[in-house]
Amino acid sequence: MQIRKKITITYIALSGFSTLLLCIVIFSLFKQNNQYYFIKRLQDRAKIASSAYYQKNLVHQDYFKDFKKKGLEELVEEKDFVLKVSSKNTFEYNTDLHLPPEFYHTIMKKGSSWIEENHRYYYGQIFSEGNQRHIVIVTAIDRRGSTSTIYILQILIFGGIGFIIVAYFFGKFLARRVINPIARITNEVHRISASNLHNRLADAEGNDEISDLTKTFNDMLDRLETSFEIQANFINNASHELKTPITTIIAETEIMLLKERKTEEYIYSLENINKQASKLGNLTESLLKLTQTGYDGRKQVLDMGRIDEILLEVKASIDTLFPDNRVNIKLNNIPEDDTLLTIPCNRPLLELALNNIISNAVKYSDNDEVFVNLSVDNSKIKIAITDIGIGIPPEDIPFLYEPFFRGKIASKYNGYGLGLPLAMKIIRMHNGELQIQSETGKGTVVNITFEKSNLKNA
C-alpha cells in the first residue's frame, strides 16, 4: 500500500475514532441533563402532592390540585401515589406499582430515589408531618426528553458521517501535501545517474525533515561525485604511471633486438630495463598495499601493539633506508602504565603508515632534523611529526590524500604520490585522525591522534 493511502486511511480512522468518542460524550451529557431536569420536575410535583395529602381542609386540597394543574406543565401519563410508612422499615404497598424492592429500600435509607423503566420515570421521597411519615411516588413519561434525545442522536449520526466524508478529503489533501515533496525528490533522483552526478535536488523551503533529507542527499551526491572523480583520476594516473616504465622496457628491448650490439650497450640497456622494472615493481607494491586497506579504508584489526615499540621499529627501518637521517623520537613523557600505550591494530599496516609519514619528513627536509613526539594520557594517544623542510603550498593541501597527486615543489623529489593517501587510509582504519599543518619553506607538522573511546570499538 502506498504511503499516501496509508496517511489518508490513518487520518480517516483517527478522525472517525475521535468523532465517535465526542458523539458518545455529547450524547451521554445530553441524556444526563434531560434526566436531571425531568427528575427536578417530578420532585416539585412530589412536594405538591405531599402538601395536598396533609391538608385536612378540602378547600386547601382543591387549591393545591388546581395549582398543580394550572401552574405546572402537564406531564404525559402523570400519576402520584402516597404510601403510609408504618414503622422504620415497613410501609403500605400499592398493587398498582410494580417497582423493584431496591427502589423502596433506597428511599427508606436515603430519603429519596428515582429509577427509569421503559422511558417512564419514578421518583419517590419521604415526607413527614408530626409523627406521621409518607412515601410520595410520582411517575410520568418524559416524551419530550425521548424526542430530543432521538433528535440529538440523529444529528450526531449524520454529523459524524458528514465529518468522516470531510475527513476523507482532508486526509487526501494532507497526504498529498506530505508526500508531494517526497515524490518530487523521488522523480529527481530517478534522473540522476553516474553520467550526471553533477545534478542536485532543488533546495526545499523551510527547516523541516524534507529540507534535511534534500540537504543530506545533496551532500551524498557531493561525496559520490568527488569519489567518482578521484576514482577516474586514480585510474588515469595509475595507467599513466604503469604505462611509462612498461613502454620504456618494451622500447628498450625492441631497440636492442634490431641488431647485435657491443657488450657495453647491452649492459647499459639492461641497467635501464632493471631501473624501469624496479620502478614498476615498487609502484605495483604500493598499489597493492593501498588496496589492502579496503575500499572504504577499513579492515579488521587483529593485533595489540605498543605504540612506542612500533615507533622504534619504524625508526630502525628508516635507519636502513636513510642511514644519514636525523630523526629524533622523544619518548620521555610516556606513562608507566603499559595499557595506556597499547592499542588494537593491524601492526604491519600501522608501521607502514608511520614509516611513510616519517620517510616523507626525512625526504622533503633533505635529511634535516625530524622530531617525533609521543604523548599519551587517559583519553588519547598523540604522535606529532615535525620537520623543517620545503613545506606544502596551501593550494596543494586539499589534494594531499588523492592517489598520485604530487605538488609542484614535491614533484622534484622521487615518489609516486601514494604514501600519504595510504597512510591516511590506514590511520582512518584504526579510528585515528590525521591532520597536516604546513607553511611553504618553513616545514610541516603532522598530528596523528587515536582517541581511547574510539579505539575500544576498533
### Query
For atom OH of Y168, is the number of surrounding heavy atoms from other residues, nucleotides or ligands below 6.0 Å larger than 12?
no
### Summary
Residues passing the side chain to side chain contact (heavy atoms under 4.5 Å, CB included) test with A175, sequence neighbours excluded, are R4, I7, T8
### Query
Thinking salt bridges, do K315 and D319 make one under a 4.0 Å N-O criterion?
yes
### Query
Does the side chain of T386 come within less than 4.5 Å of V370's, by heavy atoms?
no
### Query
Is any side-chain heavy atom of L374 less than 4.5 Å from a side-chain heavy atom of L341?
yes
## Note on the structure
Between I318 and S359 the two heavy atoms that sit nearest each other are CG1-OG, 3.9 Å
### Over all atoms of both residues, closest heavy-atom pair of E117 and P100
OE2-CD, 3.6 Å
#### Entry: Which atom of S269 lies closest to which atom of M256, heavy atoms considered
OG-CG, 3.0 Å
### Task
Would you please say whether a donor-acceptor pair under 3.5 Å links the side chains of Q125 and Y123?
yes
## Note on the structure
The side chain to side chain contact (heavy atoms under 4.5 Å, CB included) partners of Y37 (sequence neighbours excluded) come to N33
### Task
Decide yes or no for T263 and I267: does some side-chain heavy atom of the first lie under 4.5 Å from some side-chain heavy atom of the second?
yes
### Task
Return the minimal non-hydrogen interatomic distance between Y266 and E260, and the atom names on each side.
OH-CA, 3.7 Å
### Task
Output yes when a side-chain donor or acceptor of E309 lies under 3.5 Å from a complementary backbone atom of R306, and no otherwise.
no
### Task
Please work out which of the three classes, parallel, tilted or perpendicular, describes the rings of H430 and F450, given edges at 30° and 60°.
perpendicular
### Query
Between D387 (side chain) and T444 (backbone), is there a donor-acceptor pair under 3.5 Å?
yes
#### Entry: Under 3.5 Å: donor-acceptor pair, side chain of R144, backbone of N34
no
### Task
Tell me, with the steps shown, if Y121 and F38 meet ring pair (Phe, Tyr, Trp, His ring centres under 6.0 Å).
CA-CA 9 Å; Y121 287 85; F38 191 75; 5.1 Å; yes
### Summary
Scanning both residues in full, the closest heavy-atom pair of I385 with A361 reads CG2-CB, 4.2 Å
### Task
Check whether any side-chain heavy atom of I107 lies under 4.5 Å from a side-chain heavy atom of I135, and answer yes or no.
yes
### Task
For the pair S438 (side chain) and I392 (backbone), establish whether a donor and an acceptor sit closer than 3.5 Å, ignoring hydrogens and angles.
yes
### Task
Look at the side chain of S317 and the backbone N and O of E313, then say whether any donor-acceptor pair between them is shorter than 3.5 Å.
no
### Query
Is there a donor-acceptor pair under 3.5 Å between the side chain of S15 and the backbone N or O of A167?
no
### Task
Find out whether L331 and N373 are in side-chain contact, i.e. whether some heavy atom of one side chain is under 4.5 Å from a heavy atom of the other.
no
### Query
Going by atom types only, do Q435 and N447 share a side-chain donor-acceptor pair under 3.5 Å?
no
### Query
Between the side chain of D44 and the main-chain N/O of R41, is any donor-acceptor distance below 3.5 Å?
no
### Query
Can you check whether R143's main-chain N or O pairs, donor with acceptor, with T147's side chain at less than 3.5 Å?
yes
## Note on the structure
Nearest heavy-atom contact between D377 and L340 is O-CD2, 4.2 Å
### Query
Can the ring centres of F170 and Y11 be said to be less than 6.0 Å apart?
no
